[in-house]
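Structure first, commentary second.
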Amino acid sequence: MTGTFNIQIDKIKKSRVSEYDINNVPFGKCFSDHMFVAEYADGKWQKAYIKPYGDEPLSYAMSALHYGQAIFEGMKAYKNEQGEVSLFRPLENFKRMNKSAIRMAMPEVPEEIFMGGLMELMKLDAAWVPTSDTGSLYIRPFLISTDEAIGVKISDSYKFIIICCPAGKYYGEPIKVLVETNYFRAVHGGVGFVKAAGNYGRSLYPTKLAQQKGYQQVIWTDSETHQYFEESGTMNVMFVIGDTLLTPALSDTILDGVTRKSVLELARSWNMKVEERKVSIKEVFEAIENNTLKEIFGCGTAATIAHIVGIGHNGKDYALTPVEQRAFSPKVDETLRQIRKGKLKDSFGWMMKVA
Ligand SMILES: Cc1ncc(COP(=O)(O)O)c(C=O)c1O
């Protein structure tokens, strides 16, 4: 029992963990022993269970596949030197999941199911949390509509599932990005501020075009004028110009990233000047020209900090300050790593220990 919702547990007979070097597996391809599933039908959450990770029969007529009622979250668990497992700000992901659910006309996942399922799963699969300095267990909660019916309508049935995979560093090297001024990721009134699966599907083609030109990612700009930065790939984007940390203000076209929030809290605690506002392409390229641009970086759960060392715009490439000469983002990266690994006092109360 967790809270008031009973979770049936079917434990795996023999763990697969020894078959992998979990400190060195490719991101997102190796899954832990168990998965959590909760089923929704007839207007309420019906049952919740943990079972060995594996396929479940789903219909090809399933609503999520055709009409996109599909949302997800991404979060991480870390292990300290004593072998204790903690989650980084899981309640933020819980709240964001339900923001997404509301926007996509899906049922909200109760806290006792989201957190209860997560905690039980972490206890069972603790051996899958890497011990390496940069390792973590990536956790993927997702909610899909499961009505077996063709025809656009709000589904009556859903599954909320959590699966996990050990993860190392996401980007091995600093990255080069292209400012995207043709395609866009999100529009006002749309779903850019939530983690709807469709947001990611639509981003793949422009990203492929950028990758064909030698960039790893795009930086999205606003859909109306293409003059303001929004996000970079699946990360929020930040700039250090002079002594100020700048990042686009949240809006309905920008995801409220947990890493973004944490970076801003750290910067403010270090008395750095922080501005959350519209950031224009013009001011950033002027800052590059007059040497006041110190850093551009992306931040998100998968990468934590992705240092951006090259930026392309209007057919021209600009080389940015090498990572070794950057003061702020490497310090943020290291501070977050140490807090997560229990090596630095968690004075913000970000870590939640798995009991
Ligand atoms: C579009 C987008 N922006 C930003 C982020 C960063 O958010 P977080 O720091 O919560 O991972 C993500 C990843 O979840 C994302 O998909």
Side-chain angles (χ1 to χ4, degrees), residues 27-28 70-78 87-101 103-104 114 118 136-143 162 164-165 167 169-171 175 177 180 183-187 190-204 206-207 210 216-223 228-239 245 247-267 276 279 296-308 329 332-333 335-337 339-340 348 350-352:
F27 185 84
I71 59 173
F72 67 96
E73 270 303 322
M75 58 205 290
K76 281 178 171 176
Y78 298 85
L87 295 154
F88 184 72
R89 311 190 78 172
L91 291 170
E92 297 293 333
N93 297 90
F94 160 68
K95 286 187 259 175
R96 194 170 65 189
M97 179 107 205
N98 282 336
K99 224 192 219 181
S100 301
R103 177 61 182 83
M104 297 302 288
F114 188 101
L118 184 58
S136 58
L137 186 69
Y138 184 83
I139 302 163
R140 167 54 54 86
F142 60 105
L143 177 65
I162 309 177
C164 311
C165 42
K169 257 190 163 329
Y170 193 72
Y171 289 113
I175 60 170
V177 298
E180 179 56 69
Y183 300 97
F184 50 82
R185 191 190 83 90
V187 290
V191 295
F193 68 109
V194 299
K195 278 184 82 78
N199 283 344
Y200 299 84
R202 68 181 291 168
S203 73
L204 298 176
T207 307
Q216 280 80 36
Q217 262 306 344
V218 296
I219 296 199
W220 302 106
T221 52
D222 70 289
S223 65
Y228 296 94
F229 289 110
E230 298 229 302
E231 306 200 45
S232 179
T234 59
M235 300 179 292
N236 293 106
V237 67
M238 300 204 175
F239 307 83
L245 176 66
T247 193
L250 295 178
S251 75
D252 63 356
T253 60
I254 291 177
L255 193 83
D256 184 0
V258 182
T259 320
R260 174 188 184 278
K261 194 172 290 186
S262 310
V263 173
L264 295 180
E265 284 176 51
L266 276 178
E276 294 177 69
V279 180
I296 306 183
F297 60 95
C299 56
T301 296
T304 303
I305 300 293
H307 302 288
I308 295 173
S329 51
V332 168
D333 204 12
T335 305
L336 283 173
R337 195 186 64 74
I339 292 174
R340 288 161 166 170
F348 296 91
W350 285 338
M351 304 308 292
M352 186 182 283

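Note that ligands are numbered from 1 as they come in the structure, with each ligand's atoms numbered from 1 the same way.
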Evaluate the side chain to side chain contact (heavy atoms under 4.5 Å, CB included) criterion for residues I175 and M235: first the C-alpha distance (whole Å), next the side-chain angles of each, then the deciding distance (0.1 Å), finally the verdict. CA-CA 13 Å; I175 60 170; M235 300 179 292; 4.1 Å; yes
Return a table of N or O atom pairs, ligand 1 on one side and protein on the other, at distances under 3.5 Å, rounded to 0.1 Å.
unit_1, atom_1, unit_2, atom_2, d
ligand 1, 3 (N), E231, OE1, 2.3
ligand 1, 9 (O), V258, N, 3.2
ligand 1, 9 (O), T259, N, 2.8
ligand 1, 9 (O), T259, OG1, 2.6
ligand 1, 10 (O), R96, NH1, 2.8
ligand 1, 10 (O), R96, NH2, 3.1
ligand 1, 10 (O), V258, N, 2.8
ligand 1, 11 (O), T301, N, 2.8
ligand 1, 11 (O), T301, OG1, 2.6
ligand 1, 14 (O), K195, NZ, 2.6
ligand 1, 16 (O), K195, NZ, 3.1
ligand 1, 16 (O), Y200, OH, 2.5

Applying side chain to side chain contact (heavy atoms under 4.5 Å, CB included) to S136 and not counting sequence neighbours gives K76, Y78, A167
Sorted by chain and number, sequence neighbours left out, side chain to side chain contact (heavy atoms under 4.5 Å, CB included) with S100 holds for I71, V194, K195
Minimal heavy-atom distance between I254 and P248, with the atoms involved, is CD1-CB, 3.7 Å
Across all chains, not counting sequence neighbours, the side-chain hydrogen bond (donor to acceptor under 3.5 Å, both in side chains) partners of N236 are none
Check against side chain to side chain contact (heavy atoms under 4.5 Å, CB included), R260 and L250: CA-CA 10 Å; R260 174 188 184 278; L250 295 178; 3.6 Å; yes
